[in-house]
Amino acid sequence: MSVAPVIRMPDQNKGVMLRGYPMVFLVTGEDTKHTSMFDWTIPTGFATGLHVHRVQEETFYLLEGECVWHVGDKTIRATPGTYLFIPPGVPHNITNVSEQPARVLMTVSPPGHEHYFEELARLAAHGSPHPKALADLRDRYDTVSAVVGPPFGSGRDL
């Protein structure tokens with residue numbers, strides 16, 4: 001962890017590509033011991049699949065597009081300006097239901113989830129990852145499928 005301030009200018013896109021869209025790492029475990037933050041562009045139709053984090057807490061702030069979140073027993077049709085805080089143990093799923101890519105600012109605490117996305121980008125570089133490889137990755141990074149069956153549902157999920 002660094003003790004220096006983090007300043008990222010618009011052309012400093014440290015991060016990965018997922019499904020052809022950027023996930024920009026704004027702050028990571030290299031920078032802080034408390035949280036990581038991402039600017040995530042979510043492709044049309046993309047869904048994470050229902051999952052739970054045992055330790056991690058997440059926040060999402062929708063900047064562009066329209067997404068549906070299933071959070072616990074609630075369904076939220078989110079438009080720009082919608083904010084969600086999801087504590088550990090709460091099942092959730094994110095789906096981009098708009099006709100365009102959606103963008104969210106996302107935090108994950110504690111930090112380190114950037115390594116999940118780095119590995120996911122490598123696994124997904126040539127299409128949908130094998131379910132076993134995806135399940136192993138999720139298990140290593142505090143992500144448990146919340147439904148019986150494959151770790152992702154539509155073939156478009158990651």
Side-chain angles (χ1 to χ4, degrees), residues 1-43 46-96 98 101-125 129 133-147 151-152 157-158:
M1 181 194 79
S2 170
V3 293
V6 175
I7 299 167
R8 296 219 193 284
M9 301 307 288
D11 61 342
Q12 296 174 312
N13 291 331
K14 177 182 175 185
V16 297
M17 297 295 284
L18 293 171
R19 301 270 179 181
Y21 291 91
M23 173 175 269
V24 179
F25 297 172
L26 300 171
V27 67
T28 68
E30 292 178 13
D31 310 306
T32 177
K33 61 183 175 180
H34 296 291
T35 196
S36 52
M37 184 175 203
F38 313 102
D39 179 345
W40 181 20
T41 302
I42 306 170
F46 173 85
T48 60
L50 193 64
H51 62 281
V52 174
H53 303 289
R54 296 169 289 239
V55 175
Q56 296 170 346
E57 56 187 34
E58 294 178 313
T59 67
F60 298 91
Y61 183 78
L62 188 63
L63 299 170
E64 298 173 7
E66 190 172 344
C67 292
V68 170
W69 266 269
H70 296 280
V71 180
D73 60 356
K74 295 183 173 142
T75 299
I76 297 95
R77 191 164 194 103
T79 56
T82 302
Y83 172 84
L84 296 98
F85 167 75
I86 303 172
V90 176
H92 58 285
N93 174 46
I94 308 151
T95 305
N96 178 357
S98 62
R103 271 187 61 222
V104 298
L105 285 179
M106 171 185 180
T107 66
V108 181
S109 300
H113 210 61
E114 62 274 8
H115 302 300
Y116 169 84
F117 293 119
E118 289 167 340
E119 289 188 42
L120 179 60
R122 285 191 292 275
L123 282 176
L134 186 58
D136 290 345
L137 175 65
R138 285 181 164 196
D139 189 52
R140 286 195 313 280
Y141 289 98
D142 188 34
T143 304
V144 178
S145 177
V147 294
F152 56 100
D157 306 348
L158 288 182

- Query: Counting heavy atoms not belonging to Y61, are there more than 12 under 6.0 Å from its OH?
  - Reply: no

Exercise. Can you check whether V108's main-chain N or O pairs, donor with acceptor, with S36's side chain at less than 3.5 Å?
Worked result: yes

Sub-3.5 Å donor-acceptor pair from the side chain of Q12 to the main-chain atoms of P10, do we have one?
no

Next on the checklist: Run the side chain to side chain contact (heavy atoms under 4.5 Å, CB included) test on R103 and D39 for me, step by step, so that the C-alpha distance in whole Å, both residues' side-chain angles and the decisive distance to 0.1 Å come before the verdict.
Outcome noted: CA-CA 7 Å; R103 271 187 61 222; D39 179 345; 2.7 Å; yes

Donor-acceptor contact below 3.5 Å, side chain T82 vs main chain T79: yes

Taken to the nearest 0.5 Å, the spacing of L62 CG from I42 CD1 works out to 7.5 Å

Donor-acceptor contact present, side-chain D142 to main-chain H53, <3.5 Å: no

| message | With heavy-atom distances below 4.5 Å as the criterion, would you say the side chains of P91 and L50 are in contact? | response | yes

Output for pair (L134 CG, D139 CG), nearest 0.5 Å, gives 11.0 Å

Sidechain-backbone polar pair: E119 side chain, Y116 backbone, donor-acceptor under 3.5 Å = no

Here the gap from S109 atom OG to E57 atom CD, rounded to the nearest 0.5 Å, amounts to 5.0 Å

Interatomic distance, OG1@T28 vs CD@E118, rounded to 0.5 Å, equals 8.0 Å

Open item on the list: Can you classify the ring geometry of F117 versus F38 as parallel (below 30°), tilted (30 to 60°) or perpendicular (above 60°)?
Closed with: perpendicular

* Asked: What about the rings of H92 and H70, do their centers lie closer together than 6.0 Å?
  -> no

Q. Should the pair K14-D31 be classified as a salt bridge under the 4.0 Å nitrogen-to-oxygen rule?
A. no

From the list N93, T95, N96, side-chain hydrogen bond (donor to acceptor under 3.5 Å, both in side chains) partner of T48 resolves to N93

Kindly assign one of parallel, tilted or perpendicular to the pair Y141 and H115, based on the angle between their ring planes and the thresholds 30° and 60°. tilted

To the nearest 0.5 Å, atom CD of Q56 lies from atom OG1 of T35 at 10.0 Å

Any side-chain heavy atom of W40 sitting closer than 4.5 Å to one from I94? yes

Rounding to 0.5 Å, atoms CG (L84) and CZ (F60) come to a distance of 7.5 Å

N/O donor-acceptor pair under 3.5 Å between R8 side chain and F25 backbone:
yes

**Q.** Donor-acceptor under 3.5 Å (T107 side chain, M37 main chain)
**A.** no

Sidechain-backbone polar pair: H113 side chain, P111 backbone, donor-acceptor under 3.5 Å: no

**Asked** Are the side chain of E58 and the backbone of M106 linked by a donor-acceptor contact shorter than 3.5 Å?
**Response** no

Tell me whether T41 contacts the main-chain N or O of Y21 through its side chain, where contact means a donor paired with an acceptor under 3.5 Å. no

Residue pair I76 / V68, side-chain heavy-atom distance below 4.5 Å: no

